[in-house]
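A short worksheet on the structure shown next.
All values reported here derive from a predicted model rather than from experimental measurement.
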Amino acid sequence: MSAAARARRTLAADALCQQAYVDLGGPDTGCCLLAVGGYGRGELAPHSDLDVVLVHADDVEIGELAEQLWYPVWDAGHRLDHSVRSASEMAKAAADDLRVAMGLLDLRHLAGDQNLTLKLRTTLLAAWRRDARRRLPELATMREQRHRIAGELAHAAVPDVKEAQGGLRDAGILGALQMTWLVDASWPDLERTRQELLDVRDQVQTLAGRASDRIVPEMWGQLAGRLGLVDAGAVQVHVRELGRRITHLSRLTWRRVDHVLARPQSVRGARRPELVRAARGVAVSRGEVVLDRSAGPAADPVLLLRAAAVAAERSLELAPATAARLARESASLPEPWPEEARSLLVRLLAAGRGLLSVWETLEETGALHLVLPEWAQLRALPHASVIHRFTVDRHVIETCIEASALIRDVSRPDLLMVAALLHDIGKGSTGDHSVVGEPVARAVATRLGFASSDVEVVALLVRRHLLLSETATTRDPEDPTTVAAVAALLPGPEHVDLLLALTEADARATAQKAWTSWRASLVRDLAARVRHSLACVPGEDPEQSGPADRVVTTPGASDRVVVEVSRVDDGSRVRVVAHDRLGLLADVAAALAMQRIQVRAARAWPHGGYGVSEWDTPEDQLDSRVLRERIRAAAEGRSDGRDRLARYAPVALAPVVVVQPSASQTATVLEVRTDDRLGVVHTVCAALSGLQLTVRSAHVSTLGPQAVDVFYVQELGAVPLTDLRAAAAAEAVRVALSA
């Protein structure tokens with residue numbers, strides 16, 4: 001079967017065409033018969049057309065041969081896609097029509113003048129390489145248009161093994177890209193994958209009895225025995241895995257093409273690729289995230305997650321060789337995970353569309369097993385419901401992507417993202433997947449190092465992720481009994497917000513009709529009613545002084561600022577003590593941001609007449625002397641960080657600034673949710689000091705990709721803000737963060 005059968009069909013077709021050429025007196029010079037396209041590659045399926053071209057030199061007349069040659073082939077029952085062209089017409093057709101050019105890249109000599117065939121091949125390949133930079137954008141557009149029409153081989157209900165994304169057409173394009181000499185597309189397992197997909201196409205055409213490449217639902221079971229697989233489910237997994245592999249290789253190659261095309265043609269590649277440091281142990285080279293020269297996977301178990309998060313957040317490729325090396329050499333993460341690992345996983349999940357390609361690379365290289373071994377039971381798993389447009393694993397990733405756009409709506413985006421990842425984890429087992437998935441989610445969240453209370457929230461979200469949608473569409477949301485029944489299952493308003501965000505993300509990832517405006521209004525109305533029934537008054541602000549067990553060293557007479565830098569388990573802590581004044585916190589934050597120091601968490605409080613602040617950062621190699629001088633200059637007003645601070649990253653989602661009116665009796669509390677990026681604390685504090693407001697206490701934390709910062713703000717007289725001033729402060733912060 002398979003390759004041997006294709007070879008036999010090709011040899012038989014070759015013999016027929018060659019005999020017809022000889023019988024009709026085809027000349028030995030100045031004319032040749034060529035096989036092109038799939039026939040040129042020797043890959044005839046049971047019902048393939050024979051793609052042939054009769055070519056003659058410009059000064060040669062071939063007479064009746066051009067008309068009579070095809071009849072013996074037709075009489076033998078073959079379908080022909082044929083043409084007759086001069087050599088110059090061949091070159092022009094390839095230059096004018098990209099599809100023709102692609103087909104001619106695989107031309108193969110059948111009969112006639114072999115020297116003419118060799119000359120044509122040389123001319124056409126030279127033109128393809130010469131014009132590659134101009135033609136590849138057009139090829140990319142054609143490919144994207146085809147994908148929109150044919151869908152994805154890995155997920156389409158009725159997949160087309162040739163035209164769909166990840167199909168044979170994409171595999172053929174990889175060969176064409178390799179011929180440009182611009183990129184290396186010689187992936188080791190591409191040919192094996194392509195041959196297996198050709199085997200599938202052969203059986204599909206045999207079952208269909210015609211030249212069809214679409215697998216209709218009833219074919220899955222029929223294909224099982226023909227492909228040596230146990231049942232229809234195994235066939236689906238097999239075919240969709242082949243499609244995923246070709247999609248993965250195609251995407252990686254096209255990323256490399258994009259990088260080459262973006263580089264001026266006059267720029268020659270360096271012998272050693274430039275490495276731009278992106279994080280500890282991680283660098284960027286030629287549009288791919290790789291390890292820097294100092295990285296040691298065996299000594300840094302978090303390195304895989306760090307590289308993956310950088311790649312996803314920057315919409316770059318995680319280099320497959322890097323992922324494969326990390327899969328082989330990385331030390332196992334300790335259990336429970338350290339905070340840095342957990343935060344990096346959340347950042348990866350919340351990266352938006354950049355997650356998809358990175359997760360795919362982790363899967364294809366086996367590195368994902370180090371992060372989430374439970375994922376294996378979801379891989380390529382078909383959904384039982386036809387409403388789903390993706391397999392279970394892809395649906396989960398799409399849910400994470402949708403949830404990443406909703407993190408401003410919840411106070412705990414880290415719990416939302418992990419619940420999105422685990423909400424269908426039970427579908428790999430028998431039984432109600434929500435019930436089965438709950439203990440799995442609890443075990444995973446515990447392993448990730450979440451506090452026990454957070455573990456229970458994740459488990460609850462997985463267990464109840466269908467609660468709002470099912471209740472809203474089958475019960476009356478205005479009935480108090482309905483609201484009470486839902487409220488009895490949810491501990492508080494924050495759980496309602498998390499569940500609502502997960503419900504929306506899950507529905508949007510399922511299908512367009514799964515989250516219509518009607519359904520959305522029902523679910524949101526029910527959530528609002530449940531939230532109201534569970535509403536509670538926020539608690540009083542935390543202690544105003546620093547932790548009791550920390551001694552504060554105040555500046556001496558000769559030194560106006562104290563800066564202490566100490567190592568902690570997963571980074572460094574910087575403490576700053578200075579005479580308290582308006583804008584002090586903003587200036588210290590600016591000094592840190594100008595040093596490109598990421599703030600993971602911070603706290604500020606008054607101590608007598610001094611302002612004390614502590615800043616935790618993942619950086620473990622701070623230059624203490626430089627840092628002290630920069631902070632002292634900022635704290636003493638000798639450095640105007642507000643004007644010099646550059647913007648390091650664009651805002652991905654609009655910031656949310658909320659006034660919590662009942663959270664404190666002595667200050668006005670602003671809760672700020674925005675992208676976690678350099679300069680956030682400085683931007684907020686500078687906006688407040690611009691209104692002559694002081695920050696009495698700041699509580700800064702990072703939850704995955706989102707900064708969730710709480711500022712206790714007072715007027716200069718140490719009193720809370722009026723409603724009007726509070727609204728103005730919130731708007732000023734919102735505008736500053738959006739600028």
With a 4.0 Å cut-off, would you call E317 and R256 a salt bridge?
no
Ion pair R192/E196, N-O distance below 4.0 Å:
yes
Can you tell if the side chain of R245 reaches within under 4.5 Å of the side chain of E364, non-hydrogen atoms only?
yes
Say whether, by atom type as modelled, one donor and one acceptor occur between the side chain of R630 and the main chain of A591 under 3.5 angstrom.
no
Take R673 and D409, measure what side chain to side chain contact (heavy atoms under 4.5 Å, CB included) needs, and give me the verdict at the end.
CA-CA 9 Å; R673 303 178 193 172; D409 299 338; 5.6 Å; no
For side chain to side chain donor-acceptor pair (under 3.5 Å), just list the numbers for T617 and W615, CA-CA rounded to whole Å, side-chain angles, deciding distance to a tenth of an Å, and then say yes or no.
CA-CA 6 Å; T617 171; W615 312 77; over 6 Å; no
Run the numbers on E191 and R194 for salt bridge (charged side-chain N to carboxylate O under 4.0 Å, His left out), then give the verdict.
CA-CA 5 Å; E191 185 57 21; R194 196 176 68 85; 2.9 Å; yes
Could R508 and E398 be called an ion pair, given the rule that one side-chain N must be under 4.0 Å from one carboxylate O?
no
Mind listing the closest non-hydrogen atom pair of A341 and L333 along with its distance?
CB-CD2, 4.0 Å
Looking at D454 and R342, does any basic side-chain N land under 4.0 Å from a carboxylate oxygen?
no
side-chain contact (heavy atoms from CB on, under 4.5 Å) with R314: of V358, V284, V289, only one passes, and it is V284
Option among V440, L422, L421 that satisfies the side-chain contact (heavy atoms from CB on, under 4.5 Å) test with E374:
V440
Side-chain donor or acceptor of T683 paired with backbone N/O of G679 under 3.5 Å:
yes
Does any part of the side chain of W359, heavy atoms only, come nearer than 4.5 Å to the side chain of L349, both counted from C-beta?
yes
Quick check: does any side chain N or O of R447 sit under 3.5 Å from a backbone N or O of W337, one acting as donor and the other as acceptor?
no
Do L627 and I631 have side chains that approach each other closer than 4.5 Å (heavy atoms only, starting at C-beta)?
yes
Short side-chain to backbone donor-acceptor contact, E288 and A319, under 3.5 Å:
no
Any heavy-atom pair between the side chains of E504 and E402 that's under 4.5 Å?
no
Donor-acceptor pair, D393 side chain versus A380 backbone, under 3.5 Å?
yes
Closest approach of A578 and V561, non-hydrogen atoms and distance?
CB-CG2, 4.0 Å
Atom of R408, atom of T674 and distance for their closest heavy-atom approach:
NH2-C, 3.1 Å
Could you go through R306 and E340, starting from their C-alpha distance and side-chain angles, then the distance that decides it, and tell me whether this counts as salt bridge (charged side-chain N to carboxylate O under 4.0 Å, His left out)?
CA-CA 9 Å; R306 195 179 301 123; E340 182 188 6; 2.9 Å; yes
When you measure from the side chain of H423 to the backbone of V462, do you find a donor-acceptor pair of N or O atoms at a distance under 3.5 Å?
no
Between OG1 of T247 and NE2 of H155, what distance do you get to the nearest 0.5 Å?
8.0 Å
Residues V418, F450; criterion side chain to side chain contact (heavy atoms under 4.5 Å, CB included); working and verdict
CA-CA 11 Å; V418 172; F450 282 104; 3.8 Å; yes
Would you check if the side chain of R251 reaches a backbone N or O of S357 as a donor-acceptor pair within less than 3.5 Å?
yes
Could you tell me whether E313 and R347 have a side-chain N and a carboxylate O separated by less than 4.0 Å?
yes
At their closest point, which heavy atom of T391 faces which heavy atom of A154, and how far apart are they?
CG2-O, 3.5 Å
What I'd like to find out is whether the side chain of T365 reaches to under 4.5 Å of the side chain of L318, using heavy atoms alone.
no
Under the 3.5 angstrom rule, does the side chain of T180 hit a backbone N or O of A176 as a donor-acceptor pair?
no
Side chain to side chain contact (heavy atoms under 4.5 Å, CB included) between V457 and R412: does it pass, once the steps are laid out?
CA-CA 10 Å; V457 173; R412 291 297 303 271; over 6 Å; no
Do the non-hydrogen side-chain atoms of W128 and M102 ever get within less than 4.5 Å of each other?
yes
F711 side chain reached by V733 side chain, heavy atoms, under 4.5 Å:
no
I'd like to know whether L125 forms a side chain to side chain contact (heavy atoms under 4.5 Å, CB included) with R129, so could you lay out the CA-CA distance, the side-chain angles of the two residues, the decisive distance to 0.1 Å, and finally the verdict.
CA-CA 6 Å; L125 278 175; R129 288 164 182 154; 4.1 Å; yes
Main chain of G166, side chain of D170: is a donor-acceptor contact present, judged purely on distance under 3.5 Å?
yes
Just how far is it from atom CG of D184 to atom CG of L177, taken to the nearest 0.5 Å?
11.0 Å
Considering all heavy atoms, the nearest L153-G167 contact:
CD2-CA, 4.1 Å
Ignoring hydrogens, what is the shortest heavy-atom contact between A307 and L326? Give both atom names and the distance.
CB-CD1, 4.5 Å
In Å and rounded to the nearest 0.5 Å, what is the CZ to CD distance from R394 to E152?
4.0 Å
Less than 4.5 Å apart, side chain to side chain, heavy atoms only: is that true for S330 and P301?
no
